[in-house]
Protein chains: 2
Amino acid sequence: MTDDSQMPSLTTAQNDAMHVAEALCSDRGERLTPARRRVLELLLQAEGPIKAYDLLELLKPGPGAAKPPTVYRALDFLMELGLAHKIEALNAYVSCAHCHDSGGAEIFICTQCDGVEERHGASHSSCAPDGFTIQRSVVEHFGVCARCAA
Amino acid sequence: MTDDSQMPSLTTAQNDAMHVAEALCSDRGERLTPARRRVLELLLQAEGPIKAYDLLELLKPGPGAAKPPTVYRALDFLMELGLAHKIEALNAYVSCAHCHDSGGAEIFICTQCDGVEERHGASHSSCAPDGFTIQRSVVEHFGVCARCAA
DNA sequence: TTTTGAAATGTTATAATATCACACTTGTGA
DNA sequence: TCACAAGTGTGATATTATAACATTTCAAAA
Ligand SMILES: [Zn+2]
Ligand SMILES: [Zn+2]
Ligand SMILES: [Zn+2]
Ligand SMILES: [Zn+2]
């Protein structure tokens with residue numbers, strides 16, 4: 001029996017993601033506290049983008065019924081570490097499987113199945129106005145994924 | 001004296017933009033009603049992105065004190081016509097000088113002066129997951145403009 | 001001209017999203 | 001042991017946006 005035994009039904013991939021998160025926190029000297037861990041689990045288990053107040057509902061059954069600041073603090077923490085992203089156009093959140101340092105995530109959301117895929121590295125500086133230095137980008141594409149188009 | 005005389009201090013460029021808007025509405029068989037016109041004027045006069053409730057405040061002095069639905073309806077109308085955009089990451093709105101049909105706007109926001117510039121036409125389909133069809137994109141870049149960097 | 005019907009607006013209330021402020025707890029290191 | 005910083009709990013409140021339904025406006029049809 002591992003010390004992940006208190007987690008409810010995480011898939012292998014989700015379990016792996018938790019371990020990556022633990023390692024990342026350890027590296028950075030940050031603490032993956034129970035509240036933060038629980039929110040990350042819920043993000044990993046979600047089938048697509050999930051809203052803060054839906055997370056809040058999912059946290060209700062637990063020992064301490066969470067209040068909004070708890071969820072938003074956990075989300076802020078996870079986003080700082082690059083373990084989660086906010087989809088601005090939806091006011092919703094997703095876990096990030098890429099564990100990149102901040103910057104450069106390009107998100108594709110299928111409007112039929114709510115599936116989210118992420119890509120990195122495309123530079124947008126070539127389109128920028130002359131002399132404009134990009135510090136942070138929000139790139140969110142909505143459409144139909146290959147599976148749903150079939 | 002022109003029949004724009006009831007408008008408060010619009011610059012020539014802003015006046016031109018109003019005429020473009022009028023022409024566009026005319027083309028589309030849509031009506032640029034006083035509420036819609038007033039909101040567009042305020043967007044044009046704003047120095048940068050402006051929030052819905054700030055627009056609401058600016059409308060207060062007028063003959064009829066506006067309520068939230070008035071502002072949101074006007075913004076929705078203007079966005080439908082491509083005369084305004086929402087900046088999702090700021091929950092704020094800007095007028096659009098490009099009068100493009102919907103789709104493809106790429107927005108650059110200077111975090112020092114709040115200036116907004118818009119570019120078009122960069123295709124992101126090359127970065128998309130295989131088989132993903134993009135229907136709508138949100139592309140917002142935050143950084144420092146040439147003027148502020150100088 | 002009158003009728004009429006769709007579009008637009010007014011109005012009240014409320015939903016949905018997010019943060020503040022401050023007390024308390026917890027874990028860590030001097 | 002103590003002091004301190006980070007994290008959390010809690011209640012209130014701020015911010016952003018929409019629902020629902022009555023009323024008005026306006027132009028086209030009769
Ligand atoms: Zn990511
Ligand atoms: Zn899909
Ligand atoms: Zn535009
Ligand atoms: Zn600037």
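Just so it is clear: chains get the letters A, B, ... in the order the sequence lines come, proteins before strands, and each one is counted from 1.
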**Asked** Closest to the B/Tyr72 side chain: C/dA18, D/dC21, D/dA17?
**Response** D/dA17

**Request:** Using whole Å, report how far CD1 of B/Ile50 lies from C1' of D/dA17.
**Result:** 17 Å

**Non-hydrogen atoms of A/Leu58 and A/Arg38 that approach each other most closely** = O-NH2, 4.4 Å

**Request:** For the pair A/Gln14 (side chain) and A/Leu44 (backbone), establish whether a donor and an acceptor sit closer than 3.5 Å, ignoring hydrogens and angles.
**Result:** yes

**Message:** Please determine whether a side-chain nitrogen or oxygen atom of A/Thr33 lies at a distance below 4.0 Å from atom OP1 or OP2 of D/dA6.
**Reply:** no

**Prompt:** How close or far is atom C1' of C/dA7 from atom CG of B/Asp76, stated in whole angstroms?
**Reply:** 15 Å

**Item:** side-chain contact (heavy atoms from CB on, under 4.5 Å) assessment of A/Arg73 paired with A/Arg36
**Value:** CA-CA 8 Å; A/Arg73 285 165 181 161; A/Arg36 293 165 173 178; over 6 Å; no

**Message:** Looking at A/Lys51, I'd like to know whether one of its side-chain N or O atoms comes within less than 4.0 Å of OP1 or OP2 on C/dT17.
**Reply:** yes

**Request:** Would you kindly give the CD-to-P distance between B/Glu88 and C/dA16, to the nearest whole Å?
**Result:** 18 Å

**Asked** Does A/Tyr93 place a side-chain N or O at less than 4.0 Å from the phosphate oxygens OP1/OP2 of C/dA18?
**Response** yes

**Message:** Any side-chain N or O of B/Lys67 below 4.0 angstrom from OP1/OP2 of C/dT12?
**Reply:** yes

**Message:** Once hydrogens and angles are ignored, does a donor-acceptor distance under 3.5 Å link the base of C/dA18 to the side chain of A/Tyr53?
**Reply:** yes

**Prompt:** Is it true that A/Leu83 and A/Leu59 fall in one hydrophobic cluster, defined by side-chain heavy atoms closer than 4.5 Å?
**Reply:** yes

**Asked** Salt bridge between B/Arg136 and A/Glu140, side-chain N to carboxylate O under 4.0 Å?
**Response** no

**Fill in**
B/Arg36 atom CZ is separated from D/dT25 atom C1', nearest whole Å, by 12 Å

**Asked** If only side-chain N and O atoms of B/Asn91 are considered, is one of them under 4.0 Å from the OP1 or OP2 phosphate oxygen of D/dA17?
**Response** yes

**Request:** Round to the nearest Å and state the distance from B/Leu75 atom CG to D/dT16 atom C1'.
**Result:** 12 Å

**Request:** Look at all strands and tell whether B/Arg73 reaches a base, only sugar-phosphate, or nothing, counting heavy atoms closer than 4.0 Å.
**Result:** base

**Message:** Nearest whole Å is fine: how far is C/dA15 C1' from A/Leu56 CG?
**Reply:** 15 Å

**Prompt:** At under 4.0 Å, does any side-chain N or O of B/Arg31 touch on OP1 or OP2 of C/dA8?
**Reply:** no

**Fill in**
Heavy-atom nearest nucleotide on DNA chain D taken for A/Phe77 and for A/Pro69; more 5' hit belongs to A/Phe77

**Asked** Rounded to whole angstrom units, what separation is found between the CD atom of B/Glu30 and the P atom of C/dA7?
**Response** 9 Å

**Asked** Separation of A/Asp54 atom CG from C/dT17 atom P, in whole Å?
**Response** 7 Å

